[in-house]
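The sequence lines fix the lettering, A, B, ..., with proteins before strands; numbering per chain opens at 1.
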Amino acid sequence: MARFKAPRGTQDVLPIATPRWQYIEGKFREICALYGFREIRTPTFEETELFTRTTGETTDIVTKEMYTFTDRGGRSITLRPEGTAPAVRAYLEHNIGADLPVAKLYYVGRIFRYERPQAGRYREHNQFGVEMIGSGEPSADVEVISLAHQFLSSLGLSGIELRLNSLGGPEDRPVYREALRKYAEPFVSELCPECQVRYEKNPLRMLDCKVERCRELLRDAPGPAEFLCDECRAHFETVQRSLEGLGISFVLDPRLVRGLDYYTRTVFVFQTPLLGAQNEVCGGGRYDSMVEELGGPPTPALGFGLGVERLLLTLERLNIELPAEPKPKVFVAAIGSEARAAAVKLLADLRRYGIASESDFTGRSLKSQMKLADKLGAEYVMIIGEDEVKQSVVTVRDMAAKEQRQVGMDKVAEALELDRVAGIADNSHA
RNA sequence: GCGGGUGUAGCUCAGCAGGUUAGAGCGUCAGGUUGUGGCCCUGAAGGCCGAGAGUUCAAGUCUCUUCACUCGCCCCA
């Protein structure tokens with residue numbers, strides 16, 4: 001039994017699985033490039049205040065899910081619980097906005113939240129994310145949403161549902177806030193203590209309370225979309241019409257409010273029916289006030305975060321085939337110590353030619369080496385024994401054809417490259 | 001944060017009402033005679049029965065605690 005275990009809510013991604021991760025990450029990068037998004041890499045941790053100010057003091061994330069600690073210099077540091085604020089911080093710190101009219105950024109990174117783990121929910125998870133900073137046009141919403149859509153469909157996902165809502169702009173928010181207060185006024189005293197605070201400070205957050213009673217009371221509360229100003233309504237409608245025009249189907253969800261304070265106007269999630277309660281694979285929206293709140297000029301922006309673990313789980317549940325581990329082309333087997341030396345040299349030569357090659361490093365019998373070669377899925381086994389060393393040749397065996405022949409020691413790589421299977425098969429004397 | 005389930009070899013699981021040295025399949029390793037794989041056969045290694053405490057003459061098996069995983073609800077990616 002292992003003495004140490006990975007901390008609760010974390011997991012090891014083992015070699016059998018890493019090719020799948022590499023594949024979807026590659027796909028994401030490919031599509032981001034297609035859309036003109038450029039990669040940004042930000043630190044794993046930031047000043048705590050970056051998150052408390054943007055995500056919101058009363059959100060679940062800030063109140064109970066952050067990994068916060070004081071470093072040796074006395075600074076309050078937090079492992080990033082989301083990717084947007086760090087990207088915006090970097091955007092401002094390096095004045096990226098001065099470079100191009102719209103900054104289109106993407107990232108791949110780890111996210112940390114202290115939550116109760118479940119399938120599809122971890123304390124450390126990975127997100128692909130995109131941020132488009134500097135455009136308030138509906139076309140920007142469409143750009144970001146269609147990128148996510150294209151990425152998900154490129155993996156062969158089906159059954160994913162896009163849900164949309166609009167929270168309204170900074171002008172509408174106070175109106176909606178008041179409406180919510182008015183709605184809740186008759187039963188404030190029945191709300192949980194936490195919600196009574198929310199009622200005062202941030203009524204919107206009452207909507208994601210976990211207490212059963214609060215949820216009942218607020219079930220029929222008005223949604224933000226009922227209070228949009230004309231401009232916001234027009235914006236939202238343009239987004240919808242454009243998506244329709246692109247054949248991207250969606251459903252409107254008036255209850256969709258998102259658990260982070262910084263969202264404004266358009267918000268969206270992509271949901272899968274396959275992950276139970278962890279059905280949200282990708283979520284995002286506009287955050288038109290964040291740049292300004294962090295000390296920059298008024299700059300509209302939007303983006304999304306996409307859960308890599310959830311994506312992989314969904315793909316697995318759909319039985320979508322993803323790449324497996326690569327196999328060596330050649331396995332070099334050696335018999336005896338003299339041959340071993342020649343094998344080391346041969347391995348080096350093969351690899352210099354770019355031929356993926358493996359060998360045995362435990363000094364076992366030829367039979368065992370053959371078994372190993374088979375298990376690793378090598379196409380060819382090159383055998384070197386006393387005879388081969390004497391004659392300066394190697395015996396090359398085509399594993400699938402079960403045929404073998406001898407090739408000059410200094411010409412193996414070329415032989416493999418040039419005449420391949422056919423050449424070996426033709427000259428075989430197996 | 002709330003409610004349920006599970007925890008025995010690397011993996012998937014047995015283990016009958018608590019009773020001697022804890023099992024299977026797969027995997028691993030070694031053999032089945034001279035330097036050759038996939039099938040088959042033989043053998044071997046590998047388990048503080050998640051951890052801690054308790055009940056008992058005796059606990060993998062009962063009780064409690066704890067840790068972890070898992071399912072549902074909520075929130076989130």
Side-chain angles (χ1 to χ4, degrees), chain A residues 1-11 14 16 55 59-65 80-84 109-129 148 192 194 205 207-216 218 255-260 267 269-272 275-284 303-314 331 333-336 339 360 362 364-389 395-404 430:
Chain A
M1 203 44 57
R3 197 178 155 77
F4 291 108
K5 291 194 279 191
R8 181 163 159 85
T10 67
Q11 55 176 350
L14 302 177
I16 187 107
T55 303
T59 58
D60 282 359
I61 290 180
V62 170
T63 54
K64 46 199 165 199
E65 296 176 2
R80 63 175 172 209
E82 64 103 29
T84 299
R110 297 171 189 258
I111 300 290
F112 305 84
R113 287 181 205 166
Y114 191 89
E115 294 184 273
R116 180 155 162 184
Q118 272 183 44
R121 178 195 287 166
Y122 309 95
R123 289 185 172 176
E124 177 187 37
H125 76 275
N126 290 269
Q127 281 188 20
F128 296 157
C192 71
E194 212 179 330
R205 290 278 77 86
L207 296 176
D208 43 54
C209 183
K210 295 169 176 32
V211 177
E212 191 66 39
R213 181 68 183 141
C214 296
R215 297 196 353 249
E216 274 169 33
L218 291 157
R255 301 290 300 178
L256 183 66
V257 290
R258 316 284 300 141
L260 289 75
V267 291
V269 295
F270 285 87
Q271 292 183 343
T272 167
L275 294 184
Q278 280 69 246
N279 60 359
E280 202 181 305
V281 168
C282 173
F304 68 73
L306 192 152
V308 180
E309 286 81 354
R310 286 183 186 178
L311 181 58
L312 284 165
L313 269 175
T314 309
F331 185 97
I335 311 154
D360 166 66
T362 59
R364 62 231 282 180
S365 68
L366 178 61
K367 179 177 178 147
S368 296
Q369 293 184 61
M370 292 301 291
K371 281 188 178 175
L372 180 56
D374 188 57
K375 186 178 179 184
L376 293 173
E379 271 179 66
Y380 301 98
V381 173
M382 294 190 178
I383 301 165
I384 306 179
E386 275 179 46
D387 301 347
E388 284 84 354
V389 171
T395 297
V396 180
R397 179 174 178 83
D398 181 326
M399 292 296 271
K402 305 168 85 163
E403 289 160 342
Q404 58 192 51

**Q.** Under 3.5 Å donor-acceptor pair, A/Q369 side-chain atoms to B/U36 base atoms
**A.** no

Q.
Taking atom CD as the centre, does A/Q11 end up with more than 12 heavy-atom neighbours from other residues, nucleotides or ligands that are less than 6.0 angstrom away?
A. yes

Q. A/T395 side chain: which of B/G37, B/A77, B/G35 is closest?
A. B/G35

Q: Pick the P atom in B/C13 and in B/G54, then give their distance to the nearest Å.
A: 32 Å

Q: Report the distance from atom CD1 of A/I335 to atom P of B/G37, rounded to the nearest whole Å.
A: 12 Å

Q: Scan A/Y122 against the nucleic acid and name what it touches under 4.0 Å (heavy atoms): base, sugar-phosphate only, or nothing.
A: base

(Q) Would you say CZ of A/R215 has more than 12 non-hydrogen atoms from neighbouring residues, nucleotides or ligands within 6.0 angstrom? (A) yes

(Q) Base, sugar-phosphate or nothing for A/R215? Non-hydrogen atoms, less than 4.0 Å. (A) sugar-phosphate

Q | Nucleotide B/C74, atom P - distance to CG of A/L256 in whole Å | A | 14 Å

Q. Which part of the nucleic acid does A/R258 contact within heavy-atom distance under 4.0 Å: base, sugar-phosphate only, or nothing?
A. sugar-phosphate

Q: Report which part of the nucleic acid A/N126 touches: base, sugar-phosphate, or nothing (heavy-atom distance under 4.0 Å, all strands).
A: nothing

Q: Drop me the distance from A/Q127's CD to A/H125's NE2, to the nearest 0.5 angstrom.
A: 3.5 Å

**Q.** Comparing A/G9 and A/L306 on RNA chain B - which has the more 5′ nearest nucleotide
**A.** A/G9

Q | Watson-Crick/G-U partner (both atom distances under 3.5 Å) of B/G23 | A | B/C13

Q | Touch class at under 4.0 angstrom, heavy-atom based, for A/I383 against every strand present | A | base

Q: Select base, sugar-phosphate, or nothing to describe what A/E388 touches, counting heavy atoms under 4.0 Å on all strands.
A: base

Q: May I ask you to say whether A/E115 pairs ionically with A/R8, meaning some side-chain N is under 4.0 Å from a carboxylate O?
A: no

Q. Closest heavy-atom contact between A/I384 and A/A339?
A. O-CB, 3.2 Å

Q: Evaluate the criterion salt bridge (Lys or Arg N to Asp or Glu O under 4.0 Å) for residue pair A/E379 and A/R397; output intermediate values, then yes/no.
A: CA-CA 8 Å; A/E379 271 179 66; A/R397 179 174 178 83; over 6 Å; no

Q) Touch check for A/A119, heavy atoms < 4.0 angstrom, all strands: base, sugar-phosphate only, or nothing? A) sugar-phosphate

Q.
Does the structure show a Watson-Crick or G-U wobble partner for B/G35, both distances under 3.5 Å? Name it, or say none.
A. none

**Q.** Check against salt bridge (Lys or Arg N to Asp or Glu O under 4.0 Å), A/E194 and A/K64
**A.** CA-CA 12 Å; A/E194 212 179 330; A/K64 46 199 165 199; 3.4 Å; yes

**Q.** Inter-nucleotide C1' distance (B/C73, B/U66), Å rounded
**A.** 25 Å

Q.
Quick check on B/G35: is either OP1 or OP2 less than 4.0 Å from any side-chain nitrogen or oxygen of A/S365?
A. no

Q: Report the distance from atom CE of A/M382 to atom C1' of B/G35, rounded to the nearest whole Å.
A: 18 Å

(Q) Please report the distance, rounded to the nearest Å, between CZ in A/R121 and C1' in B/U70. (A) 13 Å

Q) If we ignore angles and hydrogens, is there a donor and acceptor under 3.5 Å between the side chains of A/N126 and A/E309? A) yes

Q.
Please report the distance separating the P of B/C29 from the corresponding atom of B/C69, rounded so that it comes out in whole Å.
A. 31 Å

Q) Which part of the nucleic acid does A/G109 contact within heavy-atom distance under 4.0 Å: base, sugar-phosphate only, or nothing? A) nothing

Q. What does A/G120 touch in the nucleic acid at a heavy-atom separation under 4.0 angstrom: a base, only the sugar-phosphate, or nothing?
A. base

Q.
When both hydrogen-bonding distances must be under 3.5 Å and the geometry is Watson-Crick or G-U wobble, what is B/U28 paired with, if anything?
A. B/A44

**Q.** Separation of the P atoms in B/C41 and B/G27, to the nearest angstrom
**A.** 11 Å

Q. If you measure from the C1' atom in B/A45 to the same atom in B/U34, how many Å do you get, rounded?
A. 29 Å

Q. Given that A/M399 and A/K64 both sit by RNA chain B, which one's nearest nucleotide is further toward the 5' end?
A. A/K64

Q | Nearest-nucleotide pick for A/R116, side chain only, options being B/A30, B/C71, B/G35 | A | B/C71

(Q) Base, sugar-phosphate or nothing for A/K375? Non-hydrogen atoms, less than 4.0 Å. (A) sugar-phosphate

Q) Taking atom C1' of B/U36 as reference, at what distance in whole Å does atom CD1 of A/I384 sit? A) 14 Å

Q: Would you classify A/E115 as touching base, sugar-phosphate or nothing, given that sugar-phosphate means primed atoms plus P, OP1 and OP2, and contacts are heavy atoms under 4.0 Å?
A: base

Q. Checking all strands, does A/Q118 fall into the base, sugar-phosphate, or nothing category for heavy-atom contacts under 4.0 angstrom?
A. base

Q: Just name whichever nucleotide pairs with B/A51, Watson-Crick or G-U, keeping both distances under 3.5 Å, else none.
A: B/U65

Q: Locate the shortest heavy-atom distance separating A/Y380 from A/V396; write the atom from each residue and the value.
A: CD2-CG1, 4.2 Å

**Q.** C1' atoms of B/G50 and B/C75, separation to the nearest Å
**A.** 30 Å

Q) Nearest to the side chain of A/R8, which nucleotide is it out of B/U70, B/C69, B/G35? A) B/C69

Q | Integer angstrom distance from the P of B/U28 to that of B/A68 | A | 33 Å

**Q.** Distance in angstrom units between A/K402 NZ and B/U36 P, rounded
**A.** 14 Å

Q) Paired with B/C73 by Watson-Crick or G-U wobble geometry, both distances under 3.5 Å: which nucleotide is it? A) B/G1

Q | Value in whole Å for how far the P atom of B/C74 lies from CD of A/E280 | A | 13 Å

(Q) Could you tell me how far apart A/K367 (NZ) and B/C40 (P) are, to the nearest whole angstrom? (A) 13 Å

(Q) Taking the C1' atom in each of B/G43 and B/G5, what is the distance between them to the nearest angstrom? (A) 40 Å

Q) What nucleotide among B/A30, B/G37, B/A77 has an atom nearest to a side-chain atom of A/R397? A) B/G37

